[in-house]
Amino acid sequence: MVGAAPVRHKSTGAHPGAEVTAGHDVRRYPGFLPVTILCLIVLYAPLIVVMVYSFNDSPSITIWGGFSLRWYEDVFFGLEAGKFKDAAWNSLSIAAMAATASTVIATSAAVGMVRGGAFRGKSASFALLSLPIMVPEIVTAVATLIFFSAIGFTLGFASILVAHVVFCIPFAYLPISARLQGIEGVYEEAARDLYASRAEAFRHVLLPLMAPGILSGFLLAFIISLDDFIITNFVKGAGVETLPTAIFGAVKQGIKPNIMALSTLMLAVSVVFVTVSWLVGRSGTKPGG
Amino acid sequence: MKRERDPRGARAGGSAAGPPAIELRGVVKRYGSVTAIREASLEIGDNEFFTLLGPSGCGKTTLLRMIAGFEDVTEGAIFLYGEEIEGLPPNRRPVNTVFQQYALFPHMTVAENVAFGMQRLKRPAAETEARTRRMLDMVELGGFSERKPHQLSGGQQQRVALARAMAPGPKVLLLDEPLSALDLKLRQAMRVELKQLQEEAGITFVFVTHDQEEALTMSDRITVMSAGGIQQVGTPHEIYEKPRNRFVADFIGETNLLDVTVEEVSGGGRCLCRLANGARLECEAPGAPRQGAAVCISIRPERLSIVMPGGDSLAKPGGGARAPRTVFPDSPAKPGGGDSLTGVIRRIVYLGTDTQYLVGLEGGSGITVRTRNADHAALGLGPGDRAALNVDEGAARLLVD
């Protein structure tokens, strides 16, 4: 496949060596530039518009009226500030708790799946673990709501938390199990050989080696929870809002620039988390040392 | 292949008093329907440098892992200084392992790695620290204690692995091909060091390797394994000079394997054998060969020499002390009356210290002869020349299968 890569650049042929390099260079593939630019615009132009207009001095969302931080001020101290603060607190505390709980569960699951040897129903377990990612979210949302009402679970903060823990598990599981698969079993054997009990081998050797994967999983789960709208909206009950549901509620009454400021803040939090997650993952790509 | 066991060879060499360091009693390992170890019985003596030698997949690593406790035993029992250890988890067995890929904990410093075992044993901190320093000095890595494993070269990592395994003071040290990841020069240097270390520390080493040279140079005794079975147990000298069967003869060093028929069983563990071309050879014969049986004999190339037709034997190292004899000048049933082990030189390979002659015997089969270059520098033989071969006294050995 690599050898068949088209070489269509005019200057090739002069240097046989350069020709090979050019064939492997993705930038010289036909149509690279227009496709790239199109993708970048579709993906990021709306985000950039929101970010730029969050600093707009004008109350219009389309007309630029000079630079100002007034909408950020409005988010924190304006009429809706109390509502946003409650929502932000709910979002962050739910995300922290859900990510923690799902990370613990996902870590146990990964150790069982990767280190547990062959057991009956292993493939089925893996399918069940990753299924929540495939199931349409709206289906999960409806099903969860029906289930909660069927068992008489009062909708509110707790119901959101439980739902979030559940759908965060597969997202936390993926980086953790990927990391664990990269750690050779011989490290645990070495620890056991050096008089460590099972628990000590896990605590002193496996856990530190898994740490980058666990942190990645935690951060991913945190972001997924922070960001969730559909399931949250179904199971939140009356009076309890998270940031996404609060923003959605506010937008229904018309888009005000303070929503752009709030969205930009959420985006900033996400970017920080994803960056940290990436850096952590990169720092420990070689568990073998 | 039949299982071969040598009850005499299985005795721990030299350890008269006390139980052996390790005793395997009828150990069998099966994975489902696959048998990895077919009943192994062994005694490994106190302070012995004991090597499990065999090609990959022969079960040597499985055996080591069963001693370490990473694999359970399907049948039989393992004793450590007389106490049965089967059923104990690895952390309850006073043996430590040097792993093939070292398995140093990458998130710990060199010193933390070495101290790990002692910390798990809850040794006093001061003692642990002092011993860690002593172990690192022993492997000449005193200045590296705060480095991480990935900052060390392969040879240094190997030493850390050794120091880590020896630090808790195990009764037996298990080494799983510890030198195979090193380059040749380093490997040769480490052989000497390992042997020295074992003698100084005075503990039993059980060493696994597929490298016969490694096994021969370091071991007190060697167990040759193949296809899950023990083929022979003995000192390097016994293994090399007196291979019991075809596998051992072929696996250790270079040898000529010739198909022969037992013609006459003489007393004193000897017999007269007839080669395919009618030549006769007196052979060392362990066990009791049956007359008329088709068997295989082994002759090491360096124990053959070339005789110029009608002339003296080419000088052999120590040839004066061990009078070489021409093959059957006195054999009564010799066909044609000439030298029976004669042939035509097919190829000559110069090997530096030695020269190797590939000689085509009458009757088709080829035989390799190896002579020291210093002994026959002036020998003017070339391919196509006829040559008669001398066989050293006792060099031809009948193999069991």
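Proteins come first, then strands; the chains are lettered A, B, ... in the order of their sequence lines, and each starts at number 1.
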Aromatic ring pairing A:Tyr187/B:Phe105, orientation class (parallel under 30°, perpendicular over 60°, tilted between)
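The rings of A:Tyr187 and B:Phe105 sit tilted, inter-plane angle from 30° to 60°.
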
Looking at [X], I'd like to know if its [atom1] atom is crowded, meaning that more than 12 non-hydrogen atoms belonging to other residues, nucleotides or ligands lie closer than 6.0 Å.
{"X": "A:Tyr44", "atom1": "OH", "result": "no"}
{"X": "B:Met138", "atom1": "CE", "result": "yes"}
{"X": "B:Glu83", "atom1": "CD", "result": "no"}

Output the option from B:Arg92, B:Arg93, B:Gln101, B:Arg164 having the highest count of non-hydrogen pairs under 4.5 Å with chain A.
B:Arg164

Can you tell if the side chain of B:Pro89 reaches within under 4.5 Å of the side chain of A:Arg192, non-hydrogen atoms only?
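Of all side-chain heavy-atom pairs linking A:Arg192 with B:Pro89, at least one is under 4.5 Å.
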
Heavy-atom pair of closest approach, residues [X] and [Y]:
{"X": "B:Pro168", "Y": "A:Tyr195", "answer": "CB-CE1, 3.4 Å"}
{"X": "B:Met108", "Y": "A:Val205", "answer": "CE-CG2, 4.4 Å"}
{"X": "B:Thr97", "Y": "A:Asp193", "answer": "N-OD2, 2.5 Å"}

Heavy-atom proximity to chain B below 4.5 Å, by part of A:Ala211
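A:Ala211 has no heavy atom closer than 4.5 Å to chain B.
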
Would you mind checking which part of A:Glu200 comes under 4.5 Å of any heavy atom in chain B, side chain (CB onward), backbone (N, CA, C, O), both or neither?
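Contact with chain B: side chain only.
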
Where does B:Arg65 contact chain A at under 4.5 Å (heavy atoms): side chain, backbone, both or neither?
side chain

Region of B:Met118 in contact with chain A, defined by heavy-atom distances below 4.5 Å
neither

